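Everything quoted here is computed from the prediction, not taken from an experiment. Chain letters run A, B, ... following the sequence lines, proteins first and then strands; every chain starts at 1.
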Amino acid sequence: MKKRVYIADFSDHVGEEIEVAGWLYNQRSSGKILFLLVRDGTGIVQAVMSKKEVGDELFEQAKALGQESSLIVSGALRKDDRAPGGYEMWVSGIEIVGTSIDYPISPKEHGTTFLMDHRHLWLRSKRQHAILRIRHEVIAGFRDFLNGRGFINLDTPIFTPNAAEGSTTLFETDYFNAKAYLAQTGQLYAEAGAKAHGKVYCFGPTFRAEKSKTRRHLTEFWMLEPEVAYMDLEGDMELAEDMIEDVVSRVLDRRAEELKLLERDIGKLENIKTPFPRITYEKCCDILEKYKTEHPDEDGVEFERGEDFGARHESIIAESYDRPLMVHRFPAEIKAFYMKRAPEDESKVLGFDMLAPEGYGEIIGGSQREDDYDTLLKRINEHNLPVEAFQWYLDLRRYGTTSSAGFGLGLERTITWICGIHHLREAIPFPRMMYRLNP
RNA sequence: UCCUCGGUAGCUCAAUUGGUAGAGCGAGCGGCUGUUAACCGCUAGGUUCGGGGUUCAAGUCCCUGCCGAGGAGCCA
């Protein structure tokens with residue numbers, strides 16, 4: 001009696017007759033002995049065939065199988081240090097489920113365009129497999145963390161009637177002869193949710209039509225946005241750092257194999273312990289000005305106090321820290337209308353960005369929200385936003401206003417940093433970028 | 001949108017000053033009883049991104065179009 005077993009569960013089945021359902025990852029032969037590397041989604045096993053034992057017909061049939069043929073292999077499972085993974089199957093039978101002729105992704109190198117064109121197949125490769133398992137762990141970690149603190153998951157609409165943060169970066173779509181826009185953020189709706197449940201989060205895809213062509217941008221990316229009523233900026237930053245610490249340690253604990261495959265420097269992740277440093281925007285400006293005087297010949301480091309930071313600036317600021325950094329109290333002019341002004345300095349807002357270490361840049365942006373009706377109305381007008389569209393949002397200040405704070409975490413940027421990979425496009429199964437809508 | 005670079009075999013790339021279109025991988029065939037991106041031998045495989053131009057001669061130089069990559073700005 002053959003038992004169907006997943007490769008991840010092999011340690012419980014040594015010595016048994018089992019079968020594995022999967023795909024042919026690669027094969028090597030040496031005369032009368034054949035090594036099939038079979039993957040089943042949970043791992044890879046080396047299946048060994050002897051011509052003498054299985055007979056000429058099956059041996060030749062197996063030898064002719066192309067990479068990624070689907071098959072069910074049966075045989076005895078045993079430990080063997082010569083096999084990759086430490087276990088191997090001594091094959092007694094093979095059922096060929098589906099052939100695979102001229103599989104495009106060979107074991108050697110390929111270029112980015114080619115791999116992206118074959119993203120639906122590229123997902124099967126070891127590295128992509130590892131990254132997306134870490135993505136799964138990160139998502140599960142965030143949800144468990146927030147659920148464990150009593151947050152309610154309250155998801156927000158993707159079709160929206162107008163811009164939340166203004167600007168021209170919205171995707172427009174037809175909505176029964178009216179215009180609708182794909183959501184850039186769920187935050188305003190999450191605020192409504194926080195007034196109902198106290199602590200909520202939304203998690204879903206967001207869309208930005210920015211004409212950005214860099215490794216840090218997708219047009220469709222996933223954002224996690226917690227929002228807590230009666231919370232202030234300090235509480236917001238504490239929540240953000242606790243959450244990041246929790247998830248990083250969870251990935252270290254549960255996805256060590258995947259991190260190893262990606263050759264991630266584990267030590268860098270083990271440093272991620274709270275409290276994370278907090279520095280003000282003004283202090284960052286000092287750092288940038290000091291850097292500029294010490295590196296007068298370097299291009300791209302020019303900086304005007306009052307401007308927002310560019311990618312290079314973020315790296316310079318984050319360079320001297322071994323853990324994520326929280327920059328707070330930005331100038332109000334460069335931030336969104338809904339951020340509350342700092343009581344000690346009206347020109348600054350109670351907002352913060354979390355910058356990941358190792359040059360990975362901004363992964364979180366958050367703030368305490370403006371809670372006063374009249375002030376918020378004034379801000380909406382100052383930003384030339386259509387007041388009618390924000391009546392419901394103003395209602396949240398009209399009926400039982402409270403302080404409220406939250407943040408948005410860019411999922412793919414966080415995954416890219418944790419994995420230590422180069423480009424955001426590998427951190428999502430099917431990336432959408434300015435020049436990439438397929439497959 | 002701007003700057004830089006690129007497009008040659010299914011894939012990754014090479015081709016000297018403008019002078020016969022090449023290799024590795026993959027594929028096909030053959031060999032090998034412990035391989036680790038196995039190895040060894042043979043074979044097939046090309047409208048050099050499209051259009052125009054210069055020249056005795058263009059993958060190579062010029063013009064133009066298309067596509068892509070890296071970066072900037074903008075942002076998570």
Side-chain angles (χ1 to χ4, degrees), chain A residues 25-37 44 46-54 59 63-64 66-68 80-86 88 90 100-118 121-122 125-127 165-170 184-187 205-225 240 299-300 302 307-314 334-336 353-356 360-366 407-417 422-425 427-428 433-436:
Chain A
Y25 193 76
N26 199 359
Q27 61 162 304
R28 296 179 273 272
S29 87
S30 182
K32 308 288 183 292
I33 189 165
L34 182 61
F35 302 92
L36 302 173
L37 288 176
I44 296 181
Q46 173 164 286
V48 189
M49 291 178 87
S50 156
K51 195 171 190 174
K52 206 160 76 181
E53 285 184 36
V54 300
F59 191 86
K63 204 172 167 180
Q67 192 186 344
E68 288 301 324
D80 193 314
D81 290 338
R82 291 173 296 184
E88 68 180 20
W90 197 254
S100 171
I101 296 161
D102 295 334
Y103 184 71
I105 302 179
S106 64
K108 286 272 181 172
E109 292 161 40
H110 298 283
T112 307
T113 307
F114 178 81
L115 289 170
M116 288 303 306
D117 284 341
H118 296 85
L121 302 176
W122 191 21
S125 302
K126 279 183 187 170
R127 188 181 148 82
E165 306 193 21
S167 84
T168 56
T169 60
L170 288 160
Q184 290 183 302
T185 169
Q187 183 213 309
T206 54
F207 307 87
R208 301 205 183 167
E210 287 158 11
K211 292 184 175 171
S212 298
K213 238 175 80 68
T214 83
R215 75 178 80 133
R216 301 182 314 282
H217 289 87
L218 299 169
T219 54
E220 176 181 315
F221 67 96
W222 285 63
M223 192 150 68
L224 175 71
E225 296 176 276
D299 287 334
E302 295 74 19
E307 286 178 357
D308 209 351
F309 306 130
R312 181 70 190 112
H313 302 130
E314 285 182 357
I334 58 171
K335 288 292 177 184
D353 284 357
M354 186 187 287
L355 307 180
Y360 280 92
E362 183 181 352
I363 54 172
I364 286 177
F407 58 82
L409 172 140
L411 181 71
E412 288 77 16
R413 285 190 181 175
T414 305
I415 293 164
T416 302
W417 160 55
H422 181 69
H423 202 299
L424 221 55
R425 65 187 158 216
I428 185 168
M433 293 174 290
M434 193 176 160
Y435 293 109
R436 169 68 58 185

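Counting any heavy atom pair closer than 4.0 Å across all strands shown, A/Lys213 reaches a base atom. Residue contacts shown for A/Ser29 include a base, since a base heavy atom lies under 4.0 Å away. If you check every strand for non-hydrogen atoms under 4.0 Å, A/Gln67 touches nothing. Note on A/Asn26: only backbone sugar-phosphate atoms sit closer than 4.0 angstrom, heavy atoms only; bases stay farther off. Looking at heavy-atom distances under 4.0 Å, A/Tyr103 makes no contact with the nucleic acid at all. Within 4.0 Å of A/Glu210, counting heavy atoms only, lies at least one base atom of the nucleic acid. Among the atoms of the strands shown, base atoms are found under 4.0 Å from some heavy atom of A/Trp90. When heavy atoms are screened at a 4.0 angstrom cut-off, A/His110 is found touching the sugar-phosphate backbone but no base atom. A/Arg216 comes within contact range of at least one nucleobase, with a heavy-atom separation under 4.0 Å. Within the 4.0 angstrom heavy-atom criterion, base atoms lie near A/Leu218. Note on A/Glu88: a base of the nucleic acid sits closer than 4.0 angstrom, heavy atoms only. Residue contacts for A/Thr113: at a heavy-atom cut-off of 4.0 Å it reaches the sugar-phosphate backbone alone, with no base atom in range. Counting any heavy atom pair closer than 4.0 Å across all strands shown, A/Pro104 reaches no nucleic acid atom.
Among B/C32, B/G34, B/G68, the nucleotide with an atom closest to any side-chain atom of A/Tyr435 is B/G68. Nearest nucleotide to the A/Ser50 side chain, out of B/G73, B/G34, B/U33: B/U33. Comparing B/C75, B/G73, B/G68 by their nearest atom to the side chain of A/Lys211 picks out B/G73. The listed nucleotides are B/U35, B/C74, B/C75; the one nearest the side chain of A/Ser212 is B/C74.
Between the side chain of A/Tyr435 and the backbone N or O of A/Lys213, no donor-acceptor pair lies under 3.5 Å. Using modelled atom types, no side-chain atom of A/Ser212 and backbone atom of A/Thr214 make a donor-acceptor pair closer than 3.5 Å. Between the side chain of A/Gln184 and the backbone N or O of A/Ala209 there is no donor-acceptor pair closer than 3.5 Å. Under the 3.5 Å distance criterion, the side-chain polar atoms of A/Glu88 are left unmatched by any main-chain donor or acceptor of A/Asp80.
Toward the 5' end of RNA chain B, the nearer of the two residues A/Ala311 and A/Ser106, judged by each one's closest nucleotide, is A/Ser106. Comparing A/Asp80 and A/Phe114 by the nucleotide of RNA chain B whose heavy atom lies nearest to each, the residue mapping closer to the 5' end is A/Phe114.
For the P atom pair drawn from B/G19 and B/U60, the interatomic distance equals 11 Å after rounding to whole Å. Of the P atoms belonging to B/G34 and B/G50, the separation is 49 Å, rounded to the nearest Å. Comparing the same atom, C1', in B/G26 and in B/C13 gives a spacing of 14 Å after rounding to whole Å. Nucleotides B/C29 and B/C66 are separated by 45 Å at their P atoms, to the nearest Å. Comparing B/U8 with B/G22, their C1' atoms are spaced 10 Å from each other, to the whole Å. To the nearest whole angstrom, the two C1' atoms, one in B/U47 and one in B/G7, are 15 Å apart. Only the C1' atoms considered, B/C49 is 30 Å distant from B/G73, to the nearest whole Å. Nucleotides B/U54 and B/C62 place their P atoms 15 Å apart, quoted to the nearest Å.
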Could you run down the sub-3.5 Å N/O contacts of the protein with nucleotides 46-49 of chain B?
none

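For A/His217 and B/G70, the NE2 to P distance is 13 Å, given to the nearest whole Å. Following rounding to the nearest Å, A/Ile105 (CD1) and B/C25 (C1') show an atom-to-atom distance of 14 Å. Spacing between atom CZ of A/Arg436 and atom C1' of B/C67 amounts to 11 Å, rounded to whole angstrom units. Straight-line distance from the CZ atom of A/Arg215 to the C1' atom of B/C75: 15 Å, rounded to whole Å. Distance, A/Met116 CE to B/G70 P: 10 Å, rounded to whole Å. Distance, A/Gln27 CD to B/C32 C1': 15 Å, rounded to whole Å. What separates CG of A/Asp102 from C1' of B/G45 is a distance of 12 Å, to the nearest Å. Rounded to whole Å, atom P of B/C75 lies 21 Å from atom CG of A/Leu411.
Closest approach of A/Leu218 and A/Met433 over heavy atoms only: CD2-CG, 3.7 Å. Closest approach of A/Gly361 to A/Glu314, counting heavy atoms only: CA-OE1, 3.3 Å. Residues A/Arg215 and A/His422 approach most closely at CD-O, 3.0 Å, considering heavy atoms. Of all the heavy atoms in A/Gln67 and A/Ser100, the pair that sits closest is O-OG, 2.7 Å.
Taking only side-chain nitrogens and oxygens, A/Lys32 comes nearer than 4.0 Å to OP1 or OP2 of B/C32. Within the 4.0 Å cut-off from OP1 or OP2 of B/G70, at least one side-chain nitrogen or oxygen of A/Arg425 is found. When the side-chain nitrogen and oxygen atoms of A/His423 are compared with OP1 and OP2 of B/G70, one or more of them lie within a distance under 4.0 Å.
When both distances must be under 3.5 Å, the Watson-Crick or G-U wobble mate of B/U43 is B/A27. Under the Watson-Crick or G-U wobble criterion, with both distances below 3.5 Å, B/U8 is left unpaired in every strand shown. The partner of B/C2, taking Watson-Crick or G-U wobble pairs whose two distances both stay under 3.5 Å, is B/G71. Using N1 to N3 plus N6-O4 or O6-N4 for Watson-Crick, or N1-O2 and O6-N3 for G-U wobble, each under 3.5 Å, B/U33 pairs with nothing. Here B/A21 sits opposite no nucleotide as a Watson-Crick or G-U wobble pair (both hydrogen-bonding atom distances under 3.5 Å).
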side-chain contact (heavy atoms from CB on, under 4.5 Å) between A/Asp308 and A/His313, intermediate numbers included: CA-CA 9 Å; A/Asp308 209 351; A/His313 302 130; over 6 Å; no
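Under the 30°/60° scheme for interplanar angles, the aromatic rings of A/Phe114 and A/His118 are found to be tilted.
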